[in-house]
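To start, the structure under review is shown below, and the notes come after it.
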Amino acid sequence: MMMDKMHGAQNYKSLPVILNRGKGLFLYDIHNNQYYDFVSAFSSVNQGHAHPQLVNVMQEQCEKLTLCSRAFYNENLCKFFGYMNKRFGYDKCLPMNTGVEGGETAIKLARLWGYKSKNIEENKAEIVVAKNNFWGRTITACSSSTDPTCYTHFGPFVPGFHFVEYDNLCALETLFKNHPNIAAYMVEPIQGEAGIKIPDENYLLNVKYLCNKYNVLLICDEVQTGIGRTGKITASKDVRPDMVVLGKALSGGMMPISCVLADNHIMELIEPGTHGSTFGGNSLATAIAPTAIEIVYSENLMKNALIQGRLFRETLLPYVEEGKLKDVRGVGLLNAIELENSQKAEKVVEKCMHNGLLTKVTKNGTIRMCPPLTISEFHMKKSLDIIKYVLNTVV
Ligand code: PLP
């Protein structure tokens, strides 16, 4: 920790635990203490740490080819495209590395579509984002954030964004009505970093209706909600957004890989040389991703997420009724508990750590509770015993 503090940029406030191993649901520190992982690398390790199938694919592919750039075609990328389009039902897929690059890519595609298809005057395209969104840390992401910790002292900002209250259809329609240059609305189906904020159950369906009515593209940022976390492969699956951004669990925590999915009328607007990334679509990450997704199906992880998520919320509901918790909420295994204030939440997180469960505060008094989707009923109950013990002693 001293080395980190002396030699590393302090852009994270990490908990005082030094990890060096992960297996399935568990993380281990340098003293070999075992912890339940209720962060899952911010919902990236849905398949559990060091999943043997993923380790195998990774080891085999490492020896064959890891990176050859997009200067050439690569076999795994071709297979990945075919797999992704079939699995998610879109015409085309554009691979990148991190979630924020996926968001940037979707915004570039939306602007392109705005000029080439919607006939918006050059440099006038606008994008709507929800207040309290989180989609990363680049200057564009800071420019479209309402969180002062994300944007303060990082200006000047990228223009062309409108902010709308999340889960407010009237406000969205008013924006669409008054601004004909809007090309897209980019939104998380559930706001993750904002504290697991769940909109009305018909919100996305109604958003899609408004987008169609005003000729605006709907981009769903599924970087955190995707790959089974909410009990569906994507939380927006039933709505079929115009673009879907995936990342995080796309490789089960093995490699950074993200992508945008869209149909030809959008994706065929992009031309060679106008977008890309040296590592985007590399042979290693694209070998891993299909296996990572198939694990979610073959191990019934979506069904398990629904069952264990319900158990989690039902078990902690009495604590809300007693007033020890302000709220317990979530969908599938994207859950949070909310305490009165951030000091209490920090205390709960610290005490959970001392009792063998790692988690982290999101916003204010809210603590994320996102274990790998592989968690069994036995281990969910054991984890809940730790959480209940901590709540009983701290709150
Ligand atoms: N989008 C959402 C919804 C996220 O939660 C995050 C990260 O937490 C991102 C995008 C950014 O992903 P990355 O950190 O891989 O750039």
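Start at 1 with the first residue, then count along the sequence. Remember, it's a predicted structure, so these values are computed and weren't measured experimentally. Note that ligands are numbered from 1 as they come in the structure, with each ligand's atoms numbered from 1 the same way.
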Between V100 and ligand 1, which part of the residue brings a heavy atom under 4.0 Å of the ligand: side chain, backbone, both or neither? both
Please report the interatomic distance CG(L334) to CZ(R329), rounded to the nearest 0.5 Å. 10.5 Å
Taking atom types as modelled and ignoring hydrogens, do the side chains of E101 and T98 form a donor-acceptor contact shorter than 3.5 angstrom? yes
Distance from atom 5 (O) of ligand 1 to nearest protein heavy atom, with residue and atom: Q224 NE2, 2.8 Å
Polar-atom distance check: G99 versus ligand 1, any N or O pair below 3.5 Å? yes
Could any protein non-hydrogen atom be found less than 4.0 Å from atom 15 (O) of ligand 1? yes
Could you check if a side-chain atom of L25 sits within less than 4.5 angstrom of a side-chain atom of T374, using non-hydrogen atoms only? yes
Using 30° and 60° as the class boundaries, would you call the ring planes of F312 and F38 parallel, tilted or perpendicular? tilted
Evaluate the ring planes of H179 and H162, with Trp represented by its six-membered ring, and classify them as parallel (under 30°), tilted (30 to 60°) or perpendicular (over 60°). tilted
Tell me whether the rings of F176 and Y214 are parallel (<30°), tilted (30 to 60°) or perpendicular (>60°). tilted
Short version for R137: what comes under 4.0 Å of ligand 1, heavy atoms counted, is neither
So CD1 of I337 and NZ of K326: to nearest 0.5 Å the spacing works out to 13.0 Å
Checking contacts here: is it the side chain or the backbone of F42 that comes within 4.0 Å of ligand 1, counting heavy atoms only? Could be both or neither. neither
Do the rings of Y36 and F26 sit parallel, tilted or perpendicular, given the 30° and 60° boundaries? tilted
Show the atoms of ligand 1 that are less than 4.0 angstrom away from any heavy atom in D221. 1 (N), 2 (C), 3 (C), 10 (C)
Can an N or O of K248 be found at a distance shorter than 3.5 Å from an N or O of ligand 1? yes
Quick note on ligand 1: atoms under 4.0 Å from a heavy atom of E188 include exactly 3 (C)
Do me a favour and list the nearest non-hydrogen protein atom to atom 11 (C) of ligand 1 with residue, atom name and distance? W135 O, 3.5 Å
Among protein heavy atoms, which sits nearest to atom 4 (C) of ligand 1, and what does the distance come to when rounded to 0.1 Å? F134 O, 3.8 Å
